[in-house]
Amino acid sequence: MVKRNDYRDTLNLPRTEFPMRANLGEMEPRIQRFWEDIRLYETVKEHAHGRPQYILHDGPPFSNGDIHLGQALNKILKDVVVKYKTMRGFDAPFVPGWDNHGLPTEIAAIRAFDIDRHAIDPMELRARSAETARRYIDVQRDQFRRLGVRGDWEHPYLTMDREYEASVLEAFQEFVARKCVYRGLKPVHWCPECETALADAELEYKEASSLSVYLRFPVVSLPERALAGVPVVGPVSFAVWTTTPWTLPANVAVAVHPKLEYVLVRAGEEHLVMARGLLEETMKELGIADCEVVSATPGSTLEGGKLKHPFVDREVPVVLAEYVSLEQGTGCVHTAPGHGREDFDTGQKYDLPTLQPLDPRGIFTEEAGKFTGLSHTDADPQIVEELERQGMLMKAGELRHQYPHCWRCDSPVVFRATKQWFVDLEPFTADALEAVDSVTWVPPWGLPRIRGMMEERPDWCISRQRAWGIPIPVLYCEDCGHELLAPEVVGQAIELVRENGADAWFKAAVADLVPDGTVCKQCGSKRFHRGEDIFDVWFESGSSHAAVLKTRRGLRWPSDLYLEGHDQYRGWFQLSLWNGLISQGGAPYRTVLTTGFVLDENGRKMSKRLGNAIDPQEVVRDLGAEILRLWVSYVDFKEDMPTGEDIFHQVVDGYRRLRNTLRFMLANLYDFDPARDAVPREDMGEPDRWVLHRLAGLADRVTQAYESFEFHQVYHRTHEFCAVELSQIYLDLLKDRLYTYPPTSQARRSAQTALWVLTTTLAKLVAPILSHTAEEVWQHLPEWEGKEQTIQLCAWPEADEWRDRELGERWERDIVPYFQDADLAVEHLREHGAVRQPLEAELALYCPEEVWQRLVEALGEDELAAASGVSKVTYGGEVDAAPPDAYVAQGDRALRIAGRRSEAAKCERCWRRQESVGEDSDHPGLCARCVEYVTR
RNA sequence: GGGCCUCUAGCUCAGUUGGCUAGAGCGCCGCCCUGAUAAGGCGGAGGUGGCUGGUUCGAGUCCAGCGGGGCCCA
């Protein structure tokens, strides 16, 4: 035993300080401190100075809470892109940003400070909101940094910075100059809880329960050509269906489709009018069996008919509308211009009044008569009762359907006609579509998707009735109330805001907001008051391209890349594009890359309510940022991404394989200095050249994967390479050479040369993703002349020089399959109990002599045994000479392998069984080869 | 209800322009090693390719419909 230990000391066993267990919770912060110490962001920036730029423009998250998994994913992906591009030789700055204004933060502030928002002074609320925003900027900044995201964290862009605010107003000024901004009374989505208008992008559609009510609109008169000459006994009514009875007080018409056929139906004692296509379904719903069609007529003939409102003393006309459909209801559509977009259009066409009996809180005003003072939700059942009392109710049921809810407070929204500021986008649509076509959309289906959205987009409501935001710089005439929207007013506001921030608009004396000589265009008055509305936050974030890219040194407009979740086709991508087009004349990005959504392990959406949301901070704490980073490279982020404990555990396993492979190689480089010891390529052994040839292939595929944003390919290819090419094949056959050969022998140095190339190349290939681990590897590599201070300053690895197609093809054809056969032959022996472990075995190959020759030439007889995992491999002869129980190679390979237990003694040093063991009297336990090495 | 996306072994992914017995890694089971050791090696068991039709000599790969999931919208 003593002797054996002596020989152990003559081996070159792996050594390294690189720990097997990562202990990421400790290692990552240490690496991050190192990056801070060397001022990594600035260092990289200086390094990249003068190179071609690659600008990824960050979409700003709301500064209203901890970051969630989707945001962690998003920033990591951006980090991967930026780091990759940097290594590829670009100057790729990353300026992170935050969206500070708007409801998300205002609500966070109201909650945090327990504010009664009706009692608080708006300026105070603004101050509190700003405070909340600042707090969460700090929180999120720390959280993003903890993920290892490299960026200009000391100088992020904030939408509440004065400069930024001024830029938003400058964009607005362009809009005004292009004359596309107007004020109008229109039904908009309105949140009664938040008491503000909402943009399309601020709605969430969710399953909700509504009433489903069938009611009567009694006929007062119908045009002659409709139902002419039909003898009718008893009352006649239009059958109408609605899910929002509370909108009935605002009803001013019933719409029918001009081209659909309508029927007069006798139903028991009365007669009803409805679309023929919905007759059967409606009768079933109403439970009426006793009915017959009396006559039929096209909808167009009904136009001009007069109906009686079911409970208000009001006569309402029958009108025509193309949007009436046979999907649901009766084909006779209740029309309230104050409560629906289409209804409003119809109202305009027929010059109907826009009744709007709902106040900002969703409470009925006096206009609603007997329902005054009720909230619209409370009114629903009372209106049904009223219908019942009036004998106008036919059926009241329930319906579950998708209904829009406020994105912030989760309440169901209503349509409410109010005076708001709009942008008319129609004049720009053609240009916008052209701009969209010139952008690269990844994945490609993004193009038709955003096109479809932009083609059908209604006017953009940009005003909000809240405190926390940038004011819309408009004035209203004190005398006649007419609005004054003028470039000079905006211009003056820009200077004011640039100097003092957006608060200044609200604080300044009105006189300071009114340019000299301004008079009301309607009444000539010179007295004005300021507008209190603020901008839709999407107008703010949609201006970021100009506010950031055009004002910061080192950036450029347009950007190369926007990278966000695919919900942003509707949001940031689209609104940035309109904004860019109108204010700058083009799209603010060249490529748009979208990600899927994070789902739970069952493929369900994550939500706080379902309790299946994963907190990235928890993942970082329990598993490490590297695991989160590797996860974004484990799944295909362009699709929806399932997540969960199981999946993270698999990522952890994958991480271990990568880490240990790197560690093993590192551990065999402890005495290697590439400048001194590297073996020239032509002197390297075939296995070493083969593995580097394979590495070149890997580098190609990985590079291609980065270029096409297929980061999951980076992980899967690299992982497979580590597991198969390295662990199973190359590193296994290398051990004998690395451990037992003389340290400075060319054979060992050749192996180390390969290991050095492999380690440095692999570390660089994964550096954009596994930034901490790659850095850790880098720091553990021996020093050499010209070694970069950090791996993040390294150039992208070039492995082309190692490509050797002839050798590669020969190995794939002749050599690699043999390894599998050798393994199976040994397994064959083990199954029969001849040996327990491979080194107890020796193999005899039966094959055409040229096959044998190829193996020997590729590997050498010595390494052939090592590569086979056994003590000895010999040539037995032609295939037909093989013993009957020999293993038969797979496929049609002309190879049989006879294995047997070696009779030779085990060399104490190299553990191979060799006949030569015992020949040397000084070292009776060693084989001849080991004797030679030991005594050399 | 509409538009778009998606559905390959328990899990994450590969599968050129339709063509041999559908692959990999992980996980799982069995064995080996103890000189990568809270590692490593070998072997094995796992797939009616969401479902149903169709085009074709032949479809995971093309077409239609249905279903599950997701995003967006009404």
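Numbered from 1 within each chain, the chains take letters A, B, ... in sequence-line order.
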Looking at the side chain of Y634(A), which of C42(B), A14(B), G25(B) is the nearest nucleotide?
->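 When the side chain of Y634(A) is considered, G25(B) is the closest of C42(B), A14(B), G25(B).
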Taking the side chain of R663(A) as its heavy atoms from C-beta onward, which of C32(B), A39(B), A36(B) lies nearest to it?
->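 Closest nucleotide to the R663(A) side chain: A36(B).
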Within this structure, what is the [atom1]-to-[atom2] distance between [X] and [N], rounded to whole angstrom?
X: L733(A); N: G40(B); atom1: CG; atom2: P; answer: 17 Å
X: D646(A); N: G25(B); atom1: CG; atom2: C1'; answer: 17 Å
X: I647(A); N: U12(B); atom1: CD1; atom2: C1'; answer: 7 Å
X: E827(A); N: G30(B); atom1: CD; atom2: C1'; answer: 10 Å
X: Q574(A); N: C71(B); atom1: CD; atom2: C1'; answer: 15 Å
X: F819(A); N: C42(B); atom1: CZ; atom2: C1'; answer: 15 Å
X: E831(A); N: G44(B); atom1: CD; atom2: P; answer: 8 Å

Using the [atom1] atom in both, what is the distance from [N] to [M], to the nearest Å?
N: G53(B); M: G43(B); atom1: P; result: 40 Å
N: A64(B); M: U6(B); atom1: P; result: 14 Å
N: C31(B); M: G69(B); atom1: C1'; result: 41 Å

Check whether any side-chain nitrogen or oxygen of [X] sits under 4.0 Å from OP1 or OP2 of [N], and answer yes or no.
X: H712(A); N: A14(B); result: yes
X: Q650(A); N: C13(B); result: no
X: R836(A); N: U34(B); result: no

If [N] has a Watson-Crick or G-U wobble mate with both distances under 3.5 Å, name it; if not, just say none.
N: C29(B); value: G43(B)
N: C4(B); value: G70(B)
N: G65(B); value: C51(B)

With centres under 5.5 Å and planes under 30° as the test, does F597(A) stack with G70(B)?
->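 Taking the rule of under 5.5 Å and under 30°, the ring of F597(A) does not stack on G70(B).
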Can a donor-acceptor pair be found between the side chains of Q713(A) and D636(A) at a distance below 3.5 Å?
->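 Note: Q713(A) and D636(A) side chains miss the donor-acceptor criterion.
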How is [X] classified with respect to the nucleic acid when contacts are heavy atoms under 4.0 Å: base, sugar-phosphate, or nothing?
X: P642(A); value: sugar-phosphate
X: L824(A); value: sugar-phosphate
X: D567(A); value: sugar-phosphate
X: R830(A); value: base
X: M665(A); value: nothing
X: Q728(A); value: sugar-phosphate
X: D636(A); value: sugar-phosphate

Does a distance-only test, which skips hydrogens and angles, find a donor-acceptor pair under 3.5 Å between the side chain of [X] and the base of [N]?
X: S727(A); N: A36(B); result: yes
X: R21(A); N: A38(B); result: yes
X: R449(A); N: C71(B); result: yes

Could you walk me through whether H566(A) and F597(A) pass the ring pair (Phe, Tyr, Trp, His ring centres under 6.0 Å) check?
-> CA-CA 8 Å; H566(A) 59 225; F597(A) 273 65; 5.2 Å; yes
Do the numbers put R748(A) on top of the ring of Y741(A), so that NZ or CZ is under 6.0 Å from the six-membered ring centre and no more than 45° off the axis?
->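 Ring-cation test returns no.
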Note, R694(A) side chain near Y730(A) side chain (heavy atom, < 4.5 Å) =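 Side chain of R694(A) against side chain of Y730(A), heavy atoms only: no contact under 4.5 Å found.
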Determine if the base of G46(B) is syn or anti; take syn to mean the glycosidic torsion is within 90° of 0.
->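 You should classify G46(B) as syn.
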Just one of E908(A), R909(A), H923(A) clears the side-chain hydrogen bond (donor to acceptor under 3.5 Å, both in side chains) bar with Y7(A), so which one?
->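 When E908(A), R909(A), H923(A) are each tested with Y7(A), the side-chain hydrogen bond (donor to acceptor under 3.5 Å, both in side chains) holds only for H923(A).
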